[in-house]
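Just below is one structure, and these are the notes that go with it.
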Amino acid sequence: MKFISIALKYLSKYPALGWGVFISIIITSFFEGVSFGMIIPLIQSMTAYSPEILEKIPALSMMRVHLPITSQVRTISIIFLVMFFAILVKNVFLYASNLLIAKLRFGIIRDLRVNLMRNLLEYDLKFFDSTKTGHILANINNETERMGNFMLAVLQFLSLAGRVFIYIALLFIISFKISTIVFLIIATVLIPIELIMKKLKKISVKTSHSIASYSYKLTEIISGIRLIKVSGTEELEMKNFKPIIDNVYKFSYLANKYIYMVIPLSEVFILGIIVTFFLFFLNFAAIDLSSSFAFIATYLLVLVKMLTQLNALNTQRSQAMSNLGAFDSYDSMSDKRDKVTISGGLREITDLSDSIKFNAVNFSYISGKNVLRNINIKIPAGKVTALVGASGSGKSTIVNLILRFYDAESGEILIDELSLKELDIQKWRKKIGLVSQDIFIFNASVKDNIAYGNCDLSEDDIIGAAKAANAHSFIMGLSERYNTVLGERGVRLSGGQKQRISIARAIINNPRILILDEATSSLDSETEKSISQAIDNIAKDRTVIAIAHRLSTILHANTIIVLEAGEVVESGRHAELLAKNGLYKRLYDAQFMI
């Protein structure tokens with residue numbers, strides 16, 4: 001089964017901890033048995049003392065230990081000391097085993113999260129386009145926690161199983177015949193317990209789905225809180241949220257209903273049947289109660305203790321089953337076999353000296369719906385190339401392919417006549433500076449945002465990049481200047497200020513290629529002028545690829561590529577395209593002609 005292979009994979013990373021838990025469980029179980037095994041000679045020494053009583057203890061008689069004859073008080077004292085020592089050792093190793101189990105559990109949860117995050121970072125953006133953010137968060141947070149709880153339940157199950165085994169051994173040592181009958185009776189009660197376990201396994205899968213839906217909706221509400229407020233849809237969102245959280249409640253409660261059913265069911269049935277058996281045995285079998293009292297009392301005590309541990313064992317089984325569904329959800333997200341991953345090559349170019357070429361490139365986000373069709377373009381090095389067209393024409397997709405956020409479905413992209421797939425992906429992206437209309441600002445200081453991904457930069461490097469982006473003056477006006485924390489998504493900055501931080505971040509590595517993805521489309525005229533000036537400052541001697549909504553920003557481009565419905569329909573300089581009287585002319589007239 002899949003969950004077994006996943007569990008063993010992560011348990012195998014901690015062999016020392018695993019053996020430590022195993023050895024601690026064995027020692028704990030052994031000394032638990034020793035402490036209870038001393039009850040018989042203790043009672044006998046008090047009620048029917050014999051000088052040879054210590055030598056009749058099973059463990060000592062098997063080892064052929066001969067102890068000197070001693071007084072009744074001395075014998076009782078020795079037995080008490082042995083019991084205390086056994087209980088002391090048992091509890092020391094019980095604490096050790098619980099501590100090791102906790103360390104193992106949290107280590108596995110950490111490894112599960114690290115492994116899933118590593119895989120997520122390797123997936124291409126198609127995965128994130130089609131997977132709800134809440135589902136990803138649910139797997140990283142909730143499902144890994146539930147998998148850790150499963151591991152905990154299994155390890156505690158093994159610990160309890162060791163003690164149950166010792167108690168069973170003691171019962172059979174005291175009376176083999178009676179114990180055989182008792183355990184045949186107990187076995188009949190395990191049938192309804194197994195049915196409960198199967199039910200819990202099914203509920204566990206539904207619980208995973210309900211938690212994922214809850215996480216998704218919660219993330220969506222928090223991310224869209226401003227839109228919700230301005231639209232006045234608080235009650236609508238609450239109405240949509242209520243049934244989702246009701247499902248989490250429903251399946252969580254249902255799981256616990258079956259979990260809590262295990263102990264009462266097993267205890268009542270088992271004890272009921274055993275009490276009936278012993279009443280029959282005591283009333284109809286001829287036994288000497290006085291001579292057998294020590295054995296009967298010890299047998300009943302061990303039996304009750306064993307049943308208590310057996311109930312706890314069943315509880316751990318039910319806890320494990322209730323968390324089993326997390327493995328399916330985690331495996332579905334972490335398994336790379338059905339995911340597209342972007343893996344880079346080993347080659348590197350020192351600089352873009354010739355061009356970026358698209359040769360017969362086709363691409364689609366959704367199978368069967370091409371976004372790019374037979375794209376054949378050349379982006380020369382050291383020049384400004386603009387991509388224009390209506391929304392959805394494929395402009396941003398071309399940029400995404402250059403950055404290798406996705407791979408082309410057919411055709412090839414050449415960088416100085418080398419296939420893009422042959423290049424080391426990290427080193428290639430380091431040569432590109434991206435200034436986008438979709439700006440992400442971390443909840444960190446100004447300098448950390450500008451230097452993101454570059455820990456070895458000096459303060460002079462950061463200030464130089466900020467000055468080139470026309471950002472230095474407003475940064476110096478902030479409360480703590482470059483150490484000012486900008487808040488989540490940069491809530492303390494205006495749109496223009498965010499854009500300048502973004503430009504500074506894009507150029508701090510002195511990239512040879514600069515991609516401008518409608519960098520000024522959402523800004524007012526005055527701010528746009530300031531940003532455009534900053535872009536002009538940094539664009540010199542670089543290969544510039546500009547996606548333009550406002551055609552006024554690309555009139556002086558060396559090449560303008562016009563796209564329509566995923567195809568290149570025109571290409572040339574501004575004046576040439578106007579003379580063609582085609583799509584570019586219509587777009588231009590729509591913006592500049594009244």
Side-chain angles (χ1 to χ4, degrees), residues 11 14-46 53-54 57-63 65 67 73-109 148-174 262-263 266-267 271 294-295 297-320:
L11 282 170
Y14 300 92
L17 273 178
W19 278 109
V21 170
F22 180 68
I23 292 168
S24 297
I25 287 171
I26 291 175
I27 295 173
T28 300
S29 302
F30 174 76
F31 280 97
E32 178 111 357
V34 170
S35 64
F36 271 89
M38 298 302 293
I39 293 174
I40 292 176
L42 179 63
I43 295 174
Q44 286 181 323
S45 64
M46 291 178 175
I53 197 166
L54 290 176
I57 297 172
L60 297 179
S61 63
M62 284 188 291
M63 293 186 290
V65 175
L67 296 171
V73 172
R74 189 175 178 83
T75 299
I76 293 171
S77 300
I78 290 171
I79 293 172
F80 268 122
L81 287 173
V82 171
M83 287 182 69
F84 174 77
F85 175 76
I87 292 170
L88 175 65
V89 174
K90 180 204 80 170
N91 280 287
V92 167
F93 280 92
L94 178 62
Y95 172 74
S97 67
N98 286 335
L99 205 61
L100 292 173
I101 286 171
K103 189 170 184 179
L104 191 58
R105 174 199 175 197
F106 291 117
I108 288 171
I109 290 174
N149 291 340
F150 171 87
M151 300 288 193
L152 174 65
V154 169
L155 292 170
Q156 289 181 336
F157 175 89
L158 294 175
S159 179
L160 290 165
R163 280 178 251 172
V164 168
F165 175 79
I166 292 295
Y167 292 136
I168 292 172
L170 283 173
L171 291 172
F172 275 94
I173 289 170
I174 295 169
V262 171
I263 289 180
S266 58
E267 194 168 289
L271 281 177
F295 291 93
T298 304
Y299 191 93
L300 287 172
L301 183 62
V302 174
L303 181 61
V304 170
K305 187 71 175 174
M306 188 275 294
L307 289 173
T308 303
Q309 297 296 303
L310 186 63
N311 284 334
L313 191 118
N314 282 326
T315 299
Q316 293 304 324
R317 279 189 68 203
S318 60
Q319 290 285 359

Determine all donor-acceptor pairs shorter than 3.5 Å in which one atom belongs to a side chain in residues 93-104; sequence neighbours excluded.
{"from": "S97", "atom 1": "OG", "to": "F93", "atom 2": "O", "distance (Å)": "3.3"}
{"from": "S97", "atom 1": "OG", "to": "L94", "atom 2": "O", "distance (Å)": "2.8"}
{"from": "N98", "atom 1": "ND2", "to": "L94", "atom 2": "O", "distance (Å)": "3.3"}

What pair of heavy atoms forms the shortest contact from S24 to G20, and how long is it? OG-O, 2.8 Å

Can you confirm whether F22 is buried at CZ, in the sense that more than 12 heavy atoms of other residues, nucleotides or ligands lie under 6.0 Å from that atom? no

